[in-house]
Amino acid sequence: MPEGPQMVFVKEQTEQFIGQVVLEVKGKTRNIPFDLVKGQELTQIKTFGKEILFCFQENVVRVHLMFFGKYAINGEVNRPLELGLSFEDGDLNFYACDCRYLQEPLERMYDWSTDVLSESFDQEKALQKLMRQPTQLICDALLDQNILAGVGNGIKNEVLFRARLHPESQVDHIPEAILRSIIQECVTQSFRYLDSKREGTVKEHWLVYQQKECPRDHLPLRKEKIGKGQRSGYFCEKCQVLFHPVTG
DNA sequence: GGTTATGTTATTTC
DNA sequence: AGAAATAACATAAC
C-alpha cells in the first residue's frame with residue numbers, strides 16, 4: 001500500500017503513539033540498531049512522498065512499504081515481522097518493507113517542496129524539473145519521485161485521465177499550460193485519494209485505474225504497460241489527447 | 001503454475 | 001565515467 005496519501009493515512013493512524021517511549025524493538029531488519037531506538041520517545045511523525053518517518057529524541061526510523069509492505073497497529077499479520085515497535089500503550093508492526101535508520105538532520109536529506117502532499121509543495125519548481133526532462137513520456141515523468149514525491153501508479157492514471165492527456169505524450173510536446181494543470185491535478189488527486197482513505201471509500205475512488213470502461217464515453221479502456229518504466233497504464237484512446245511534436 | 005500488482009535499489013552492461 | 005538496461009527483493013490474488 002505505497003502511494004503518498006496512504007502513507008499520510010498511516011501517519012494519522014499512528015500518531016496515537018506520539019509522546020510514548022519505545023519499550024521494545026524487534027523484527028528481522030538489520031538496518032536498525034534496536035538498542036538505540038529502545039527507550040526513545042516518539043516525538044513526531046512525518047511523511048515524505050511514500051516514506052514515513054518516525055522521529056525520536058535522538059534519531060529517526062524511516063519505513064518504506066515498497067510494493068508489498070503491510071502494517072498493523074495493535075495487532076499482527078501472519079508473516080515475518082520486519083520491524084516491530086512496542087510502545088507503552090500498544091504496538092506498531094511492519095512487514096515486507098524497507099527500514100532505515102537516520103541520524104542526519106532531516107532538512108539536509110529531504111526537500112519537502114517536491115512532496116505533492118506537503119504544504120510547502122512548489123508547483124513552479126516541479127514544472128521546471130519536468131521541463132528539464134523534455135524527452136520523457138509524461139507517464140514516466142509523473143512517477144519520478146524527484147519531481148513529484150508521493151505520486152504512484154494509481155494517482156498517475158487518474159491525473160492523466162482527468163487532464164484528458166494521453167499517457168504516452170512526450171513532455172516537450174505538451175503545452176506548458178497543460179503541464180501546469182497536470183501538476184495541479186497531481187496535488188488534487190493525491191488529496192482526494194487521502195480523503196477516500198479517511199472515508200474508507202477507496203474502492204469507489206478510481207475512475208480509470210484498474211477499471212475497464214471509460215466513464216466519459218463508455219468505451220473500453222486501454223490497459224498496457226507503457227513508458228520506460230513499463231507500468232500499467234489505463235487510458236481512453238478517444239478522450240485522452242496524444243500530443244505530437246510541433247512542426248513547421 | 002503462470003501472471004500480475006499501489007515500488008525502489010543494486011548490479012550489470014554498453 | 002556514466003547512462004541505460006536488467007536483476008533483485010518482497011507477497012498475495014486471480
Side-chain angles (χ1 to χ4, degrees), chain A residues 1-13 27-32 47-53 61-72 75-84 93-102 109-111 114-117 132-137 139-162 167 170 185-212 221-235:
Chain A
M1 60 132 59
E3 297 190 50
Q6 293 160 286
M7 300 319 293
V8 174
F9 185 70
V10 177
K11 167 182 141 85
E12 292 174 352
Q13 302 294 298
K28 64 188 180 71
T29 181
R30 290 175 195 201
N31 298 337
I32 311 285
T47 61
F48 176 82
K50 299 163 185 169
E51 304 171 3
I52 187 163
L53 303 160
V61 169
R62 185 187 99 182
V63 177
H64 192 307
L65 293 177
M66 307 300 284
F67 229 66
F68 306 117
K70 293 281 186 297
Y71 71 100
E76 289 177 19
V77 172
N78 181 26
R79 80 184 64 166
L81 179 68
E82 189 70 25
L83 176 68
N93 295 313
F94 291 100
Y95 310 85
C97 59
D98 178 61
C99 302
R100 302 268 169 108
Y101 181 72
L102 310 179
M109 298 190 65
Y110 294 106
D111 174 7
T114 66
D115 183 344
V116 293
L117 284 158
R132 256 178 260 143
Q133 309 207 13
T135 63
Q136 283 255 69
L137 300 187
C139 58
D140 288 319
L142 294 191
L143 293 175
D144 186 334
Q145 298 302 293
N146 295 311
I147 303 177
L148 296 159
V151 172
N153 205 32
I155 294 170
K156 174 199 85 179
N157 279 292
E158 294 299 302
V159 164
L160 293 172
F161 175 73
R162 282 156 208 273
Q170 189 170 299
E185 202 64 36
C186 286
V187 175
T188 304
Q189 293 310 314
S190 294
F191 278 102
R192 215 185 121 258
Y193 191 1
L194 176 56
D195 283 340
S196 67
K197 279 301 290 182
R198 288 169 174 153
E199 292 164 13
T201 56
V202 172
K203 278 201 172 112
E204 302 98 80
H205 172 83
W206 307 109
L207 289 185
V208 291
Y209 179 59
Q210 295 179 336
Q211 305 304 306
K212 297 218 174 332
L221 288 170
R222 279 179 63 186
K223 180 200 172 219
E224 285 165 30
K225 303 269 192 186
I226 50 172
K228 202 172 52 183
Q230 288 292 290
R231 305 294 304 278
S232 298
Y234 295 79
F235 58 101

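Note on naming: letters A, B, ... go to the chains in the order of the sequence lines (proteins, then strands), and numbering restarts at 1 for each one. Since we're looking at a predicted model, the values are computed, not measured.
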From [atom1] of [X] over to [atom2] of [N], roughly how many Å is that when rounded to an integer?
X	N	atom1	atom2	result
A:Lys50	B:dA5	NZ	P	15 Å
A:Gln230	B:dG7	CD	P	15 Å
A:Asn146	B:dG7	CG	C1'	14 Å
A:Lys203	B:dT6	NZ	P	17 Å
A:Trp206	B:dT6	CH2	P	10 Å
A:Lys225	B:dT6	NZ	C1'	12 Å
A:Gln210	B:dT6	CD	P	6 Å
A:Lys212	B:dT4	NZ	C1'	12 Å

Find the runs of at least 3 consecutive base pairs, i with j, i+1 with j-1 and so on, that include DNA chain B, using Watson-Crick or G-U wobble geometry with both distances under 3.5 Å. B:2-5 with C:11-14, B:7-14 with C:2-9

In Å, rounded to the nearest 0.5 Å, how long is the span from [atom1] of [X] to [atom2] of [Y]?
X	Y	atom1	atom2	answer
A:Cys139	A:Lys228	SG	NZ	10.0 Å
A:Glu224	A:Ser232	CD	OG	10.0 Å
A:Leu207	A:Gln189	CG	CD	7.5 Å
A:Gln145	A:Lys50	CD	NZ	3.5 Å

Worked check of side-chain contact (heavy atoms from CB on, under 4.5 Å) between A:Asn153 and A:Leu143: CA-CA 7 Å; A:Asn153 205 32; A:Leu143 293 175; 4.1 Å; yes

Can you tell me how far C1' in C:dA4 sits from the matching atom in B:dT6, rounded to whole Å? 25 Å

P gap between B:dT11 and C:dA10, integer Å: 15 Å

Are A:Arg100 and A:Asp98 within salt-bridge range, i.e. N to O under 4.0 Å? yes

Between A:Arg198 and A:Asp195, is there a side-chain N and carboxylate O pair less than 4.0 Å apart? yes

How is A:Lys156 classified with respect to the nucleic acid when contacts are heavy atoms under 4.0 Å: base, sugar-phosphate, or nothing? nothing

Just do the side-chain contact (heavy atoms from CB on, under 4.5 Å) check on A:Ile147 and A:Gln133 with the steps written out, would you? CA-CA 10 Å; A:Ile147 303 177; A:Gln133 309 207 13; 3.8 Å; yes

Any non-hydrogen side-chain atom of A:Cys99 less than 4.5 Å from a side-chain atom of A:Glu82? yes

Just wondering, do A:Pro5 and A:Ile155 contact through their side chains at under 4.5 Å, heavy atoms? yes

For A:Glu51 and A:Tyr110, which I'm curious about, is there any donor-acceptor pair between the side chains at under 3.5 Å? yes

Once the angle between the rings of A:Tyr193 and A:Trp206 is folded into 0 to 90°, is it parallel (under 30°), tilted (30 to 60°) or perpendicular (over 60°)? perpendicular

Quick one: is B:dT8 close enough that its OP1 or OP2 comes under 4.0 Å of any side-chain N or O from A:Gln145? yes

Taking only side-chain N and O atoms of A:His64, does any of them lie within less than 4.0 angstrom of OP1 or OP2 on B:dG7? no

Between N or O atoms, less than 3.5 Å apart, protein on one side and nucleotides 1-7 of chain C on the other: list the pairs.
none

Could you run down nucleotides 9-14 of chain C 5' to 3' and tag each one B, S or - for protein heavy-atom contact under 4.0 Å? -BBS--

